[in-house]
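Inspection log for the structure reproduced underneath, given as structure tokens.
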Amino acid sequence: MGDISTQLQEQVRQAVASRTPLAITGGGSKPFLGRGLHGEPLNIGDHTGIVSYEPVELVLTVRAGTRITDIETALAEHGQRLAFEPPRFGDADTIGGVLAANLSGPGRPWQGSVRDHVLGLRLINGRGEHLRFGGQVMKNVAGYDASRLQAGALGTLGVITEVSLKVLPKPAVEQTLVQEMEEPQAIALMNRLAGQAKPLSAACWFEGSLYLRLSGSQPAVEATAEAWRADSVGQMESLENGDEFWRQLRDQRLSFFDGDRPLWRFSVNPTAVMEDIDTDALIDWGGAQRWGRQDETLSAMAERAGRAGGQASLFRHGDRTGEVMHPQPAPLRAIQQRLKAAFDPHGIFNPGHLYSWV
């Protein structure tokens, strides 16, 4: 294991010459995403290692097949972390897979998404060229930000080989508060508290209870917790082992995620009340991300999400032979098709994985 970029580049060139579709894989922990993979496997799981790490500069550069667990072990030695809290669906999760899927944890509204933390990357395009985009500083130039375009592209624009990321210090302390509350009241309170200059870092409603995470200096966290308890209607309590709750939410290991009923993800206005979603819905990101389990069509769920100011996608299970992502308006669809043609002119990378038409 190590740097196998030359080997990957040669496989891409051979696929281009023979017009052979490639199915890009890494740790193999997220086969449920998208519309399925078809083609000859191109495995980046052995393309691993930390290329450079500057703790003082808060910058990390790693090869795309590097496991999240290995990255966090290295960062922990310097009291730092990946602030976008990448979800884990297995021990083999890789940084390239997290970026390609655009996955971020409970703190996303306050700490940013994986896209927000990407400084630059290297990519093998559909001509077999190994290109570099961005750098190791937070500065962009005019035109497409090609590094961040890869977030959520599910590998349809090329083979990510290397990623430079901004890292952040771990908070001094964290505390979780919990209170039983109905959904409409929880949504209203999450949004009210999110507007305060307080160290709120996550807010979730699950099984009739509101969960709030505070992160920061000990005086700030303790003062906020005391003030919110005094101001709450009902009993707001501290949750023992709150870290474990947020890990289970991040990794979709709460009981809500069990079973094989279709799992829908909604990205909506955080103040929206979605009355036509099952009552066992889970609300995350302070109201901006909702999860529901329903046997419905994508068009029906997209319509409901649209009324709530957002989008819907079929995240797990259900029929994955059709479209699973929110329908795109014609202008945006045209842009995505042009991007696909520019990065992957012969359509060899994960064809049909994101949409049937890219």
Side-chain angles (χ1 to χ4, degrees), residues 30 32-33 82-89 98 101-117 151-152 174-195 198-215 236 239 241-259 261-294 301 304-305 308-317 326:
K30 296 177 280 294
F32 53 86
L33 288 178
L82 297 172
F84 55 88
E85 300 178 272
R88 322 297 157 75
F89 300 105
V98 168
N102 195 26
L103 295 174
S104 304
R108 188 251 182 268
W110 296 272
Q111 296 156 181
S113 68
V114 56
R115 177 189 287 113
D116 299 318
H117 292 255
E174 290 190 323
Q175 184 174 347
T176 298
L177 303 176
V178 59
Q179 180 178 349
E180 291 187 3
M181 191 174 297
E182 295 298 321
E183 177 182 342
Q185 290 73 36
I187 292 173
L189 183 57
M190 282 191 286
N191 281 274
R192 179 169 68 84
L193 296 180
K198 302 295 183 181
L200 181 65
S201 64
C204 164
W205 182 80
F206 170 61
E207 292 188 338
S209 291
L210 173 64
Y211 295 82
L212 304 170
R213 184 179 67 187
L214 298 170
S215 306
M236 184 177 288
L239 178 67
N241 199 17
D243 290 348
E244 180 60 21
F245 171 81
W246 297 109
R247 279 193 294 270
Q248 290 187 11
L249 173 62
R250 180 197 70 191
D251 300 343
Q252 296 187 3
R253 290 189 287 111
L254 294 174
S255 59
F256 171 84
F257 295 102
D258 294 340
R261 196 178 182 197
L263 175 64
W264 296 90
R265 177 183 180 270
F266 303 90
S267 178
V268 298
N269 187 318
T271 62
V273 176
M274 301 179 68
E275 297 178 350
D276 45 6
I277 300 301
D278 276 0
T279 55
D280 65 347
L282 186 152
I283 301 176
D284 194 10
W285 292 3
Q289 178 170 255
R290 318 284 176 96
W291 297 95
R293 309 207 74 137
Q294 288 181 264
M301 300 306 258
R304 297 174 187 180
Q311 299 187 345
S313 62
L314 180 57
F315 194 83
R316 279 183 188 256
H317 308 300
H326 193 92

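Just so you know, these numbers come straight off a predicted model, no measurement behind them. Position 1 is the first residue of the sequence, and the numbers go up from there.
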Between [atom1] of [X] and [atom2] of [Y], what distance do you get to the nearest 0.5 Å?
X	Y	atom1	atom2	answer
Phe32	Arg316	CZ	CZ	3.5 Å
Leu189	Met181	CG	CE	5.0 Å
Arg253	Gln248	CZ	CD	5.0 Å
Phe84	Ser113	CZ	OG	9.0 Å
Phe266	Gln311	CZ	CD	12.0 Å
Arg108	Ser201	CZ	OG	14.5 Å

Between [X] and [Y], what is the shortest heavy-atom contact and its length?
X	Y	result
Asn191	Gly286	ND2-O, 3.7 Å
Met274	Arg304	CE-O, 4.1 Å
Thr176	Tyr211	CG2-CD2, 4.5 Å
Ala272	Ile187	O-CD1, 3.5 Å
Ala308	Val268	O-CB, 3.6 Å
Gly105	Arg250	CA-CG, 4.3 Å

(request) Answer yes if the side chains of Glu174 and Ser215 hold a donor-acceptor pair under 3.5 Å, and no otherwise. (result) yes
(message) Testing the 3.5 Å rule here: is there a donor-acceptor pair between the side chains of Ser255 and Glu207?
(response) yes
(message) Applying the side chain to side chain contact (heavy atoms under 4.5 Å, CB included) criterion to Trp205, which one of Gln185, Glu183, Arg290 satisfies it?
(response) Glu183
(request) Could you point out which residue of Leu282, Leu263, Asp258 forms a side chain to side chain contact (heavy atoms under 4.5 Å, CB included) with Arg293? (result) Leu263
Non-hydrogen side-chain atoms of [X] and [Y] separated by less than 4.5 Å:
X	Y	answer
Val178	Leu210	no
Leu314	Arg265	no
Gln175	Arg213	no

(message) Evaluate Arg247 against Arg88 for side chain to side chain contact (heavy atoms under 4.5 Å, CB included), listing each step before the verdict.
(response) CA-CA 9 Å; Arg247 279 193 294 270; Arg88 322 297 157 75; over 6 Å; no
(request) Check step by step if side chain to side chain contact (heavy atoms under 4.5 Å, CB included) holds for Leu249 and Cys204. (result) CA-CA 9 Å; Leu249 173 62; Cys204 164; 3.9 Å; yes
(message) Apply side chain to side chain contact (heavy atoms under 4.5 Å, CB included) to residues Leu103 and Val114 and explain how you reach the verdict.
(response) CA-CA 7 Å; Leu103 295 174; Val114 56; 5.9 Å; no
(request) Could you tell me how the ring of Phe245 sits relative to the ring of Phe206: parallel (under 30°), tilted (30 to 60°) or perpendicular (over 60°)? (result) tilted
(request) May I ask you to decide if the ring planes of Trp291 and Phe257 are parallel, tilted or perpendicular, using 30° and 60° as cut-offs? (result) perpendicular
(request) Begin from the C-alpha positions of Leu212 and Leu200 and carry the test side chain to side chain contact (heavy atoms under 4.5 Å, CB included) through to its verdict. (result) CA-CA 7 Å; Leu212 304 170; Leu200 181 65; 4.2 Å; yes
(request) Verify, without hydrogens or angle tests, whether Glu85 (side chain) and Gly107 (backbone) share a donor-acceptor contact under 3.5 angstrom. (result) yes
